[in-house]
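This report refers to the structure that appears directly beneath it.
Counting from 1, the numbers follow the sequence of the chain as shown.
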Amino acid sequence: MNPVIPGFHPDPSVCRVGDDYYVVCSSFEYFPGVPVFHSRDLVHWTQIGNALDRPSQLRLTAGTPSSGGVYAPTLRHHDGRFWLIVTNVAEGGGNMLFTATDPGGPWSDPVRLPGVPGIDPDLAWDEDGACWCTVAGVSQVRIDPYTGETFGPPRALWSANPGAKAPEAPHLYRIGDYWYLLIAEGGTERCHGVSVARGRTPNGPFEPCPDNPVLTHRGTDHPVQNTGHADLVQGPDGSWWMLLLGVRAGGGTPGWHVLGRETFLAPVRWVDDWPVVDEVPLGLPAPAWPLAPGPVEAVRDDFDLGELRPQWISVRDRPPAHCTLKERAGWLTLSARGDGLDAPDVVFAGRRQQHPACVARTLIDPAEGRGGLAVRLDEEHHYEIEAGEGEVRVLSRVGPLRVAVASRPVPAGPVVLGVRVEESAPRGPRTGPDTVTFGVEEPDGSFTALGSLDGRYLSTEVAGGFTGRVIGLYAAAGTVHFDWFEYEPLTP
Ligand code: 6LW
């Protein structure tokens, strides 16, 4: 059951309103930004939208690097509405606040916070109605959330263990007699952890928990690693839970995670008024409340809704002139710009790879151009199968190297392209995490593999950054049309 939101969905922030729970995550260079999920049981989450879905809310220029853009949102409910605060680290961005009455959207245009420095902004309102914004570092400033005005300079708060790397991801809560300051420390890699302090006011002074970090998997062989960046919430029965990020690293040494940082759920116990998490279990303990039915995992999209479902994300922007469902009814049409997947302005629409093993297929009509099906980590790390000009080619881009792996002539007309991702059996220290196999479907429905590639090169440990794999459709030249897309998990 864990991760509860699989695939590249890091930095979860959770908010409860009555029987409903909502989660938002970081989205970096992808547009639309900040996916929003809904649940009634904390275990099964359905994406209900993306908070930043129009250019007036989010502009990511070609100068925004991959893993730049939208970092670490906080979602809260106060005074009858939802509040979302987030950093766009791109030029012209900074900290921004949005509001909505329905978290599925629409969300307001941004209120900018030029007086709030840094990343990972949190919002908390005290008993007098003052709004406190706390950011990584960790520092805090009072703000007017309606205007973005700040009152005085930011003040340093508690920052976890002296010398610990990257005190970040602060969240501030009033629970019982205390204000709790929950933060991440150790960096978002293998040393990640969660620490906590408490005080009598939202501004401190804060007393650190004697058992910090209250959660970390560092130095263990637990299958979930990099655990940190957490937010607290109460279950329907009043029990306490933490949503946090973690990774599932595969293969030998040093381990490669390919799905990005995913959202996990962990039970919290309170000891002497301190929250304690023993570990993040892969199989969750059965909650004491009924579970909703799980989401339907196999996805077939016939592009017949008139708009793309919220799972579809594009790289930096999605101009209607280049990505449209209107040119051919029931087809997604992509018109190329720039140099395809190597370029920051690639015309791309994809969905996160959410399962360690999966297959994806699409029917492409490449009569007016060249394009295909890609597994993308960033501009410099992607594998793809491309159709056009009478052939299909499997291509690999890893760092500075671009290689044509295989090619084959195909008859003119639409062709089904496929990719199959399979986990590697752990054979030795140098075994990679998985293999990525591309091929074409024959007229009799059988699949002919054209090239199998080691998945480690599309991992965060190789490529760097904060995202994970996205499987999607792209145009490399001219215009290409896609009739349908299928994604099917082969593993949980
Ligand atoms: C985020 C920081 C972090 O701002 O990674 O894991 C950064 N935590 O809190 C990007 O997601």
Verify the distance criterion only: is there a donor paired with an acceptor across the side chains of His481 and Glu368 at less than 3.5 Å? yes
Would you call the rings of Trp45 and Tyr21 parallel, tilted or perpendicular, taking 30° and 60° as the class edges? perpendicular
Among pairs that include at least one residue of residues 416-428, which meet salt bridge (Lys or Arg N to Asp or Glu O under 4.0 Å), considering only residues two or more places apart or in two chains? Arg420-Glu422
Using the six-membered ring wherever Trp is involved, compare the ring planes of Tyr487 and His355 and label them parallel, tilted or perpendicular (cut-offs 30° and 60°). tilted
Quick one: is the NZ or CZ of Arg352 closer than 6.0 Å to the six-membered ring centre of Phe8, and within 45° of its axis? yes
Close side-chain approach of His229 to Asp120, heavy-atom, < 4.5 Å: yes
Would you say Leu265 and Leu243 make side-chain contact, with heavy atoms under 4.5 Å? yes
The criterion is ring pair (Phe, Tyr, Trp, His ring centres under 6.0 Å); which residues satisfy it with Phe98, sequence neighbours excluded? none
Ile85 and side-chain contact (heavy atoms from CB on, under 4.5 Å): which partner among Asp122, Val116, Leu113? Leu113
If the condition is side-chain contact (heavy atoms from CB on, under 4.5 Å), which residues does Thr61 pass it with, not counting sequence neighbours? Thr64
Can you check whether Asn226 reaches Thr188 side chain to side chain, under 4.5 Å on heavy atoms? no
Taken in chain and number order and not counting sequence neighbours, the residues that satisfy side chain to side chain donor-acceptor pair (under 3.5 Å) with Arg337 are Asp317
For the side chain of Arg376 and the backbone of Gly472, is there at least one donor-acceptor N/O pair under 3.5 Å apart? no
Which side-chain N or O atoms in residues 323-332 pair as donor and acceptor under 3.5 Å with protein atoms at least two apart or in another chain?
from	atom 1	to	atom 2	distance (Å)
Thr324	OG1	Lys326	N	2.9
Arg328	NH1	Asp365	OD2	3.1
Arg328	NH2	Asp365	OD2	2.9

Are the charged groups of Glu262 and Arg469 less than 4.0 angstrom apart, N to O? no
Contacts of Asp109 meeting side chain to side chain donor-acceptor pair (under 3.5 Å) (sequence neighbours excluded), chain-then-number -> Arg54, Ser56
Does Tyr457 use its side chain to pair, donor to acceptor, with the backbone of Gly399 at less than 3.5 Å? no
Just wondering, do Arg76 and Ser13 contact through their side chains at under 4.5 Å, heavy atoms? yes
Describe, in one word, how the ring planes of His38 and Tyr22 are oriented to each other, choosing from parallel (under 30°), tilted (30 to 60°) and perpendicular (over 60°). tilted
So, Ser26 versus Asp11: side-chain donor-acceptor pair below 3.5 Å or not? yes
